[in-house]
Amino acid sequence: MKIGILGLQGAFFKHQQMLNSLDCENFIVRYPEEINQCKALILPGGESTTITKLIDRIGMRQQLINFNGPIFGTCAGAILLSETCDDERVKVFGKIPVNGFRNAYGRQIESFKKEIKLSFSDKKFPAIFIRAPKFSLINSEIEVLSEFENIPVLLKYKNILISAFHPELTKDLRIHKYFIELVEKS
Amino acid sequence: MEKKSFDVKVGLAEMLKGGVIMDVTNAEQAKIAEDAGAVAVMALERIPADIRADGGIARMSNPTMIKEIQDIVSIPVMAKCRIGHFAEAQVLESLEIDFIDESEVLTPADEENHIWKHDFQVPFVCGCRNLGEALRRIGEGAAMIRTKGEAGSGNIVEAVRHMRQVQKDIKKLTVLADDELMAEAKNLGAPFELVRKVAKDGKLPVPNFAAGGVATPADASLMMQLGAETVFVGSGIFKSNDPAARAKAIVTATTYFDNAKKVAEVSEGLKDAMEGIDINELSENEKLANRGW
């Protein structure tokens, strides 16, 4: 069983490079029937409206809702996993009890790079935020693995991991490694 | 906090991969594009086919129109400025446009220099016909490269030519020895350090998109198979007889570009594509691709 990376649109090849660097078996998922072949899933960043429309157009929503394995969502992917989204154009899966707010920092001009602390590592992480979302917690069982300006940006709930930023755009493999360990434990 | 970082600029281009960027001229078209699943819209006053037909000077779009489009869609909004017209670029940046296209579709403002794009916080995309041109633009700070193609022609032949040329130039670099790279940099007219980087990586240091002449789902599939990472569709959608259906079909064909059955399926029932122009009927000074260097 491999990790599937949803490849409908967005930065999926960047995630694949990260998994390849960690010698982790993976493949790009573009068809509904492929979801069942995955041990875990990555939902990449991209445009959440576009990905929402493609998921419905190709009939993949039910397979994603039914999927019980670990999922890592970055940026748009994280929004899709949220309980709610402030933008009705995006249809969420409710896999993690957070409210998602799209483009919460503003347009591209507000995108930035910042070193942030991770709860599971001593060294800071070079986080790249692109038209990034914000999340508010609606359940106290969520583990906050990283914060920026008192806003949670890396979160874990059961076997779901979400980040508001893009670890796949760096060469730093720690967060992907953390996810693979989560997959191995499950 | 670093906002001008090149990683942050290229980051947005990475997020647009595997998608379709559509030219729109008003809020209504922008909504159609977003509903069809566009990853971004390019706000411009006239689509290239009309610019070509109307003649005269083509300039940056009016801020009112750009703002109306920004208000109605949630996807990134791009806009074009004239080649070398850094003041238009400054205006677009002040409007918080997400990506600026320093574009040959508009009438060039400077026939010698392109914009020094490193000065800006907003990322730029520029057109190219070959690797030398691509690397010159990246050297100036472009965070995304696209083929020039021949905008407004509805004819894919120039985009194919430019994409194949870039890929051929890249392949050549990967087999050259270290002591041959300087001479090749000279031939290409490209910054040496970027030539070395491409020779080592076998790909451009920024995302490489296709533009200029895409009119059908199969055109999108062709460009993706030739190595484009995303497709721009200019006149192809709103000059066709069925913009909404065609836009949707091109989006799906871009995701499943390597699946001919899917491309066939989404092409079924589409009405006529835009009328095209035979490139051989255009004189050299009518070709938009010849603007810029």
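Here is how names work: the chains are called A, B, and so on, in the same order as the sequence lines, proteins then strands, and each is numbered from 1.
- Remark: side-chain polar atoms of B:Glu88 are paired, donor with acceptor, to backbone N or O of B:Arg82 under 3.5 angstrom.
- Defined by atom type and a distance below 3.5 Å, a donor-acceptor pair is missing between the side-chain atoms of A:Asn99 and A:Asp86.
- With a 4.5 Å cut-off on non-hydrogen atoms, A:Ile109 touches chain B through its backbone and its side chain both.
- For A:Phe148, the part lying near chain B is the side chain, with the backbone staying farther off; criterion is any non-hydrogen pair under 4.5 Å.
- The backbone N or O of B:Thr64 lies less than 3.5 Å from a partner atom in the side chain of B:Asn62, making a donor-acceptor pair.
- At least one donor-acceptor pair closer than 3.5 Å links the side chain of B:Asp219 to the backbone N or O of B:Thr216.
- In this structure, a donor-acceptor pair under 3.5 Å is present between the side chains of A:His15 and A:Thr74.
- Listed options A:Leu54, A:Ile51, A:Thr52 were ranked by heavy-atom pairs under 4.5 angstrom with chain B; first place goes to A:Leu54.
- Between chain A and the residues B:Asn259, B:Thr230, B:Thr254, B:Asp35, the most heavy-atom pairs under 4.5 angstrom are made by B:Asp35.
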Side chains of residues 111-118 of chain A: which donor-acceptor partners sit under 3.5 Å, not counting sequence neighbours?
residue	atom	partner	partner atom	Å
A:Ser111	OG	A:Gln108	O	3.1
A:Ser111	OG	A:Gln108	OE1	2.9
A:Ser111	OG	A:Arg131	N	2.9
A:Lys113	NZ	B:Asp7	OD2	2.4

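- Of the atoms belonging to A:Ile58, it is side-chain heavy atoms, and not backbone ones, that fall under 4.5 Å from chain B.
- Heavy-atom distances place the side chain of A:Arg89, and not its backbone, under 4.5 Å from chain B.
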Could you go step by step and tell me if B:Phe209 and B:Lys17 meet the side chain to side chain contact (heavy atoms under 4.5 Å, CB included) rule? CA-CA 8 Å; B:Phe209 292 9; B:Lys17 279 188 182 173; 4.2 Å; yes
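- In terms of heavy atoms, B:Arg246 sits closest to B:Gly236 at CD-O, 3.5 Å.
- Comparing B:Gly37, B:Ala40, B:Pro76, B:Ala38 by how many heavy-atom pairs each has under 4.5 Å with chain A, the most go to B:Pro76.
- Annotation: residues 30-40 of chain A contacts chain B through A:Arg30, A:Tyr31 [non-hydrogen atoms, separation under 4.5 Å].
- Using a 4.5 Å cut-off between heavy atoms, B:Phe120 does not touch chain A at all.
- The most heavy-atom pairs under 4.5 Å with chain A, out of B:Glu93, B:Glu34, B:Glu229, come from B:Glu34.
- Heavy-atom pairs under 4.5 Å with chain B were tallied for A:Thr49, A:Leu8, A:Thr170; the largest tally goes to A:Leu8.
- In this structure, the portions of B:Glu96 lying under 4.5 Å from any heavy atom of chain A include both its backbone and its side chain.
- With hydrogens and angles ignored, the 3.5 Å screen pairs a side-chain donor or acceptor of A:Lys95 with a backbone N or O of A:Phe67.
- Side-chain atoms of A:Asn139 never come within 3.5 Å of backbone atoms of A:Ile96 as a donor-acceptor pair (strictly under, hydrogens ignored).
- Of the two parts of B:Ser74, the backbone and the side chain both hold a non-hydrogen atom closer than 4.5 Å to a non-hydrogen atom of chain A.
- Contacts with chain A were tallied for B:Lys248, B:Lys262, B:Lys9; B:Lys248 has the most, counting heavy-atom pairs under 4.5 Å.
- Between A:Glu168 and A:Lys14, no side-chain nitrogen of the basic residue sits less than 4.0 Å from a carboxylate oxygen of the acidic one, so the salt-bridge criterion is not met.
- With hydrogens and angles disregarded, a donor-acceptor distance shorter than 3.5 Å links the side chain of B:Gln70 to the backbone of B:Leu95.
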